Amino acid sequence: LYVKPDYIWDGSKASEFAGGTGTATDPYLIKTGAQLYKMVSEYSNASGSSGAVNKGSYFKLANDIYLNDVKSSDMEKTNETFWSSKFNSWYKVTSYSKGFCGELDGDGYTVYGLYSNGGYSGLIPVLMDGGSVHNLNIKNSYIRGTESGGGIVGFVKAHWKMSPVSVTYCTVDNVVIESTKKYVGGI
C-alpha cells in the first residue's frame with residue numbers, strides 16, 4: 001500500500017531552517033526538501049581548510065524527505081527515458097573548488113527521489129576538508145554526474161593530513177548512479 005507523502009519538495013529553497021543555531025549541541029534542523037536544499041546550496045561554498053566559511057556548521061534531519069514523488073509513473077521509467085523527464089532537479093556544481101565541510105547527521109532518516117543530472121552530482125555534490133555525513137539513507141533516486149556522481153557525496157576533495165572527511169553509517173538503496181566522464185561511486 002502506497003501512501004503519498006504530505007509534502008513533496010517543490011524545487012524551492014527555504015528562507016530558514018526548522019530550528020537550531022548550527023552548533024554541535026543545537027544543530028540546524030531540517031524537516032523539508034526546501035530546507036535541505038537551503039543547506040546544500042548555501043553551505044557548499046567552502047574552499048577547504050583555508051577560509052572554510054561553513055566549517056563547524058552542524059545540521060540534523062528531523063524527518064524523511066521526499067524530493068520527488070517516487071511512485072509516479074515517470075520515476076519508474078527505464079534509464080533510457082528517465083534523463084529527459086521533468087523532475088525537481090537537485091543542486092549541482094561544475095567545479096570541485098568549493099564544497100560542504102560542515103556536519104550532516106541524518107539521524108536514521110531517508111531522502112527519497114533525489115534527481116541530480118550534471119556536474120558533480122550527489123546529495124552533497126562536493127565534500128571538503130573536515131566535512132562529515134552520517135546516519136543517512138538515500139532511496140529510489142537517479143544521479144548522473146557529468147564529472148562524478150555518488151549517492152551521498154558526488155566528489156570528495158580533502159587532504160588527509162589536514163582535516164579528513166567522514167561518511168559513516170549511510171546507505172544507498174534502489175538508486176541509479178552514473179557518470180558520463182570520470183568517477184562514480186555508490187556512497
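As the structure is a computational prediction, the values presented were derived from the model and not from experiment. Excluded from the calculations below are hydrogen atoms, water molecules and symmetry mates; all remaining heavy atoms, backbone and side chain alike, are included.
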Hey, is the main chain of K31 close enough, under 3.5 Å, to the side chain of N63 for a donor-acceptor pair? yes

Rounded at 0.5 Å granularity, tell me how far CD1 in I138 sits from CG in D173. 11.0 Å

Between OH of Y28 and CD of E16, what distance do you get to the nearest 0.5 Å? 11.5 Å

Would you please test K13 and Q35 for side chain to side chain contact (heavy atoms under 4.5 Å, CB included) and show each step? CA-CA 6 Å; K13 180 172 76 170; Q35 291 166 348; over 6 Å; no

Given D10 and N88, is the side chain to side chain contact (heavy atoms under 4.5 Å, CB included) satisfied, shown in steps? CA-CA 7 Å; D10 63 3; N88 294 324; 5.6 Å; no

Grab the two heavy atoms, one from T110 and one from D64, that are nearest each other, plus how far apart they are. N-OD1, 2.8 Å

Output field: ring centroids W9/Y37 closer than 6.0 Å: yes

Same cluster for Y109 and Y7 if Ile/Leu/Val/Met/Phe/Trp/Tyr side chains link at under 4.5 Å? yes

Can you tell which of L36, D105, L29 makes a side chain to side chain contact (heavy atoms under 4.5 Å, CB included) with L61? L36

Please check this pair: side chain of S57 against backbone of G22, looking for a donor-acceptor N/O pair closer than 3.5 Å. no

Ignoring hydrogens and geometry beyond distance, is a side-chain donor-acceptor pair present between S116 and S121 at under 3.5 Å? yes

NZ (K60) with more than 12 external heavy atoms under 6.0 Å: no

With a 4.5 Å cut-off on side-chain heavy atoms, are L114 and I143 touching? yes

In Å and rounded to the nearest 0.5 Å, what is the CD1 to SG distance from I124 to C101? 11.0 Å

Distance only, no hydrogens: is a donor on one side chain within 3.5 Å (strictly under) of an acceptor on the other, for N135 and D107? no

Can you check whether N137 reaches C170 side chain to side chain, under 4.5 Å on heavy atoms? no

Could you grab the distance from atom OH of Y112 to atom CG of N140, nearest 0.5 Å is fine? 7.5 Å

So do the side chains of N174 and K139 get within less than 4.5 Å of each other, counting heavy atoms only? no

Side chain proximity check, M39 to I30, heavy atoms < 4.5 angstrom: yes

Would you indicate whether the side-chain heavy atoms of V111 and L67 approach each other to under 4.5 Å? yes

Sub-4.5 Å side-chain heavy-atom contact between F100 and M128: no

Straight-line distance of I152 CD1 to L123 CG, nearest 0.5 Å: 6.5 Å

Got a sec: does the OH of Y96 have more than 12 other heavy atoms crowding it under 6.0 Å? no

Between Y115 and Y142, is the ring centroid distance below 6.0 Å? no

Just verifying a value: how many Å separate Y91 OH and K38 NZ, rounded to the nearest 0.5 Å? 13.0 Å

